[in-house]
Number of protein chains: 2
Amino acid sequence: MSDLLTRLRGRGWRMTSQRRVVAEVLDGDHVHLTADEVHARAAQRLPEISRATVYNTLGELVLLGEVTEVTTDGRAKRYDPNAHHPHQHLVCSRCGIIRDVHPAGDPLTGLPAAERFGFTVTEVEITYRGVCPACA
Amino acid sequence: MSDLLTRLRGRGWRMTSQRRVVAEVLDGDHVHLTADEVHARAAQRLPEISRATVYNTLGELVLLGEVTEVTTDGRAKRYDPNAHHPHQHLVCSRCGIIRDVHPAGDPLTGLPAAERFGFTVTEVEITYRGVCPACA
DNA sequence: ATCCTACGATAGACAAAGTTCAAGTCAAGA
DNA sequence: TCTTGACTTGAACTTTGTCTATCGTAGGAT
């Protein structure tokens, strides 16, 4: 994710220790942390980091398109750093574990013109639900 | 939705004025109210109804499969009474209006076995996003 | 290398959405 | 009509997120 840090600096981001730590916490695939979880992990490295800063930084990363928000359970939003690889989510109804998945074809084409009601449709968000092997 | 009332009574529901009013507020298609909106409308007919009762009743209706929860914006959950007619949602990114839509085919088949990671997948929830004619 | 200053961080108050609980009320069967 | 357990109430509480005034500092200017 050092990629991300250089990309952000290139966009005029002022680099602070707080922002660096938040970006590092979000490193990797299949990461779907809530804001509080990001804060907890960031605080392990930088104990004095505040909740407000974590929220601010996450919000900026979303605006920059580096991270996407995912709401799978109507509770806290989760932050998914895998924003440059379009994907959907598969969630276990029992334990809540989340997997990134890739449906066949372009999900947007599944919606016929007659069902678009004049909307200009640009995005699809799909959540598949079921029971994971561990819970079965 | 008097159907609903008789169905519920048949399932042993104790019929109270509060529950009746909540069920009546949720009558109709293309209804996507938040719990607070349900409470506000219910309170027009039954001023002393409490928030807790509205939450309890909505939760029971969801458990009974009569209503589904929809989260389109990461804010309050919305309650969709159209649970017996499988459908998905199309949301305007500007004004937030929600339309029920029906994609072609069974959305579950869009996820190849290789992408299921051993899950038993039973549900799909799709949110299409775009700009509605009024906002364009 | 040091200084400036605007941008970022902080703590704490605030707000929105939802849950819990003890006490009171009432639907429906006897 | 009586009884009883299921239902409702309101207030306090929790969780998640936002706002604001103040303080600190990254990074360009000197």
Side-chain angles (χ1 to χ4, degrees), chain A residues 5-25 32-64 66-80 96, chain B residues 5-25 32-64 66-80 96:
Chain A
L5 293 178
T6 55
R7 263 206 308 282
L8 294 174
R9 207 186 312 252
R11 296 209 215 177
W13 240 39
R14 192 148 136 186
M15 190 52 55
T16 67
S17 54
Q18 292 85 349
R19 286 175 166 185
R20 188 175 0 256
V21 167
V22 169
E24 284 168 3
V25 164
H32 305 96
L33 299 171
T34 64
D36 256 17
E37 287 165 352
V38 171
H39 179 245
R41 298 197 184 191
Q44 287 174 3
R45 292 159 163 253
L46 195 64
E48 68 277 19
I49 193 173
S50 72
R51 289 187 336 119
T53 296
V54 170
Y55 277 105
N56 287 341
T57 305
L58 289 172
E60 287 156 14
L61 289 170
V62 169
L63 281 183
L64 291 171
E66 297 289 348
V67 162
T68 54
E69 289 178 343
V70 188
T71 308
T72 55
D73 61 350
R75 310 265 315 204
K77 291 177 196 163
R78 294 182 173 273
Y79 292 85
D80 185 337
Chain B
L5 293 178
T6 55
R7 264 206 305 283
L8 294 174
R9 207 185 311 252
R11 295 209 215 178
W13 241 39
R14 192 147 137 188
M15 190 49 56
T16 66
S17 54
Q18 291 85 349
R19 287 175 165 183
R20 185 172 6 251
V21 167
V22 169
E24 283 168 3
V25 164
H32 305 95
L33 300 172
T34 64
D36 256 18
E37 287 165 352
V38 171
H39 179 245
R41 298 198 185 190
Q44 288 175 4
R45 292 160 163 252
L46 195 64
E48 67 279 19
I49 193 172
S50 73
R51 291 184 337 115
T53 295
V54 171
Y55 277 106
N56 287 341
T57 305
L58 289 173
E60 287 157 13
L61 288 170
V62 169
L63 282 183
L64 291 172
E66 296 289 349
V67 161
T68 55
E69 289 179 344
V70 188
T71 309
T72 55
D73 61 351
R75 311 266 315 204
K77 291 178 197 163
R78 294 182 172 274
Y79 293 86
D80 184 339

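A, B, ... follow the sequence lines: proteins, then strands. Residue 1 opens every chain. Model, not experiment: these values are computed from the prediction.
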A/Arg41: which residues meet the salt bridge (charged side-chain N to carboxylate O under 4.0 Å, His left out) condition with it, sequence neighbours left out?
none
Any chance you could measure B/Leu61, atom CG, to B/Asn56, atom CG, to the nearest 0.5 Å?
11.0 Å
Whole angstrom is fine here: how far is it from NE2 in B/His39 over to C1' in C/dA16?
15 Å
Tabulate protein N/O versus nucleotide N/O from nucleotides 19-23 of chain C, keeping only pairs under 3.5 Å, one per line.
from: C/dT19; atom 1: O4; to: B/Arg51; atom 2: NH2; distance (Å): 3.4

Below 3.5 Å is the cut-off: list the nitrogen or oxygen pairs between protein and nucleotides 28-30 of chain D, distance only.
none

Roughly how many Å is it from CG in A/Leu33 to P in D/dT16, rounded to a whole number?
14 Å
Determine yes or no for a side-chain-to-main-chain donor-acceptor pair under 3.5 angstrom, with A/His39 supplying the side chain and A/Ile49 the backbone.
yes
Nearest 0.5 Å please: distance from the OH atom of A/Tyr79 over to the CD atom of A/Glu37.
12.0 Å
Gap separating the CZ atom of B/Arg45 from the CZ atom of B/Arg20, nearest 0.5 angstrom
10.5 Å
Please determine whether a side-chain nitrogen of the Lys or Arg among A/Glu66 and A/Arg11 lies less than 4.0 Å from a carboxylate oxygen of the Asp or Glu.
yes
In Å and rounded to the nearest 0.5 Å, what is the CG to CH2 distance from A/Leu8 to A/Trp13?
5.0 Å
Any residue meeting ring pair (Phe, Tyr, Trp, His ring centres under 6.0 Å) with A/His32, in chain and number order, not counting sequence neighbours:
A/His89
Take atom CG of B/Asp73 and atom P of D/dT16, then tell me their distance rounded to the nearest Å.
17 Å
Starting from P on C/dC7, measure out to CZ on A/Arg11 and report it in whole angstrom.
19 Å
I need a per-nucleotide contact map over nucleotides 24-30 of chain C, read 5' to 3'. Cutoff is protein heavy atoms under 4.0 Å; write B for the base, S for backbone only, - otherwise.
--BBS--
Note, A/Val54 side chain near A/Gln18 side chain (heavy atom, < 4.5 Å):
no
Value in whole Å for how far the C1' atom of D/dG17 lies from CG of A/Leu58:
12 Å
Measuring from atom OG1 of B/Thr53 to atom CG of B/Leu58, what distance do you get when rounded to the nearest 0.5 angstrom?
10.5 Å
Checking A/Arg19 side chain against A/Arg14 main chain: does a donor-acceptor pair fall under 3.5 Å?
yes
Heavy atoms only: give me the nearest A/Asp73-B/Lys77 pair and the separation to one decimal.
O-CE, 4.4 Å
Identify, residue by residue, the members of residues 42-50 of chain B with a heavy atom below 4.0 Å from DNA chain C, and return them in order of residue number, or none.
none
Using OP1 and OP2 only, check whether a side-chain N or O of A/Gln18 sits under 4.0 Å from D/dG24.
no
Minimal heavy-atom distance between A/Ala23 and A/Leu5, with the atoms involved, is CB-CD2, 3.8 Å
